[in-house]
Amino acid sequence: MSFLSKIGANAPKLIAKGIGLGTLGIIGYDAHVVGKLQSEVTAKSKDANASADFFNNTMYLDTPSTSKSKLAKFVFNMELEQNWRSFFNSSIGYSKGFGSMLVSNAIPFALSSIALLSKSTVGSWIGAAGSLIYGGYVFTKDVLGVGRHNDLNPKF
């Protein structure tokens, strides 16, 4: 049996699995981009909050002391020069952004998973058709703007 005859017999199933794989690729790409953005936002905001806390410590002392003041300024300067916290906070932010995007795309993720993981041709096509229908809905609603409320013009 040749390779082309195997493909010909399984073509509908392979097309459905390809649609599912394409949908998962789109979801994965969006999740990765949102994860990168959230990573930077989380790292920068956590670093800014920590720097503000350490700066606040340099401004107020319980008793007047030059050595305490210089030590507090030294600790504040060390805080400004550190870079280990942003490494951990950026990975936390990436995980949050990636996970939130997967949760917000739960329906197409489930449909494309059905298309990929189903062993029967009918199951694969059910998942692929659901992915295509949902993609069409998202395209008409979000890309074309059909059925959305126009916040800039209150007449619509």
Side-chain angles (χ1 to χ4, degrees), residues 1-58 75-156:
M1 184 177 265
S2 72
F3 180 70
L4 292 177
S5 64
K6 285 183 181 179
I7 289 178
N10 291 326
K13 191 177 195 180
L14 290 175
I15 291 170
K17 290 190 183 289
I19 292 170
L21 188 63
T23 304
L24 278 180
I26 292 169
I27 293 169
Y29 176 73
D30 284 346
H32 172 66
V33 169
V34 170
K36 286 193 320 185
L37 293 172
Q38 187 64 37
S39 166
E40 189 165 337
V41 167
T42 301
K44 299 287 184 194
S45 64
K46 297 285 184 180
D47 284 347
N49 290 339
S51 296
D53 289 342
F54 279 98
F55 178 72
N56 193 31
N57 288 341
T58 64
V75 170
F76 171 66
N77 288 334
M78 292 299 290
E79 170 61 28
L80 291 179
E81 294 173 7
Q82 64 84 22
N83 59 3
W84 59 269
R85 182 183 296 117
S86 62
F87 173 75
F88 293 109
N89 286 330
S90 65
S91 61
I92 290 169
Y94 182 84
S95 300
K96 285 182 180 180
F98 191 87
S100 69
M101 200 63 184
L102 287 183
V103 168
S104 68
N105 286 322
I107 293 172
F109 185 79
L111 291 170
S112 61
S113 297
I114 290 170
L116 275 177
L117 299 176
S118 179
K119 294 188 186 236
S120 69
T121 305
V122 174
S124 293
W125 270 106
I126 289 172
S131 292
L132 289 174
I133 290 169
Y134 189 81
Y137 167 73
V138 168
F139 180 78
T140 54
K141 182 177 179 264
D142 293 339
V143 177
L144 298 178
V146 175
R148 280 195 345 201
H149 178 69
N150 188 351
D151 293 331
L152 296 176
N153 191 353
K155 292 189 291 185
F156 298 109

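Index from 1, following the sequence. Quick caveat: nothing in here was measured; it's all calculated off a predicted structure.
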Of all the heavy-atom pairs spanning [X] and [Y], show the shortest one and how long it is.
X: Ser131; Y: Pro108; answer: OG-O, 4.4 Å
X: Ser86; Y: Asp47; answer: CB-OD2, 3.3 Å
X: Gly97; Y: Val34; answer: O-CG1, 3.7 Å
X: Ala115; Y: Gly127; answer: CB-C, 3.8 Å
X: Trp125; Y: Pro12; answer: NE1-O, 2.9 Å
X: Ala43; Y: Asn89; answer: CA-CB, 3.9 Å

Rounded to the nearest 0.5 Å, how far does [atom2] of [Y] lie from [atom1] of [X]?
X: Arg85; Y: Ser90; atom1: CZ; atom2: OG; value: 12.5 Å
X: Leu24; Y: Ile19; atom1: CG; atom2: CD1; value: 12.5 Å
X: Leu117; Y: Ser124; atom1: CG; atom2: OG; value: 9.0 Å
X: Ile15; Y: Lys13; atom1: CD1; atom2: NZ; value: 13.5 Å
X: Asn105; Y: Ser112; atom1: CG; atom2: OG; value: 9.5 Å
X: Ile114; Y: Phe109; atom1: CD1; atom2: CZ; value: 11.0 Å

Return all side-chain donor-acceptor pairs below 3.5 angstrom for residues 132-142, not counting sequence neighbours, or 'none' if the list is empty.
unit_1, atom_1, unit_2, atom_2, d
Thr140, OG1, Gly136, O, 3.1
Thr140, OG1, Tyr137, O, 3.0

Per the side chain to side chain donor-acceptor pair (under 3.5 Å) rule, which among Lys36, Gln38, His32 passes with Tyr94?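 Single pass found, and it is His32.
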
Quick check, are the ring centers of Phe76 and Phe54 under 6.0 angstrom apart?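 No.
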
What do you reckon, is CD1 of Ile107 surrounded by more than 12 foreign heavy atoms closer than 6.0 Å?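 No, CD1 of Ile107 has 12 or fewer neighbouring heavy atoms, counting only those of other groups under 6.0 Å.
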
May I ask you to check whether over 12 heavy atoms, not counting those of Glu79, lie within 6.0 Å of atom CD?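 Enclosed: over 12 neighbouring heavy atoms sit under 6.0 Å from CD of Glu79.
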
Main chain of Ser118, side chain of Lys17: is a donor-acceptor contact present, judged purely on distance under 3.5 Å?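 Flag set: sc Lys17 to bb Ser118 pair under 3.5 Å.
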
For the side chain of Asn56 and the backbone of Ala52, is there at least one donor-acceptor N/O pair under 3.5 Å apart?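 No, because the side chain of Asn56 does not come within donor-acceptor range (under 3.5 Å) of the backbone of Ala52.
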
Evaluation steps, side chain to side chain contact (heavy atoms under 4.5 Å, CB included), between Asn57 and Asp53: CA-CA 6 Å; Asn57 288 341; Asp53 289 342; 5.6 Å; no

May I have the step-by-step check of side chain to side chain contact (heavy atoms under 4.5 Å, CB included) for Leu111 and Thr23, ending in yes or no? CA-CA 9 Å; Leu111 291 170; Thr23 304; over 6 Å; no

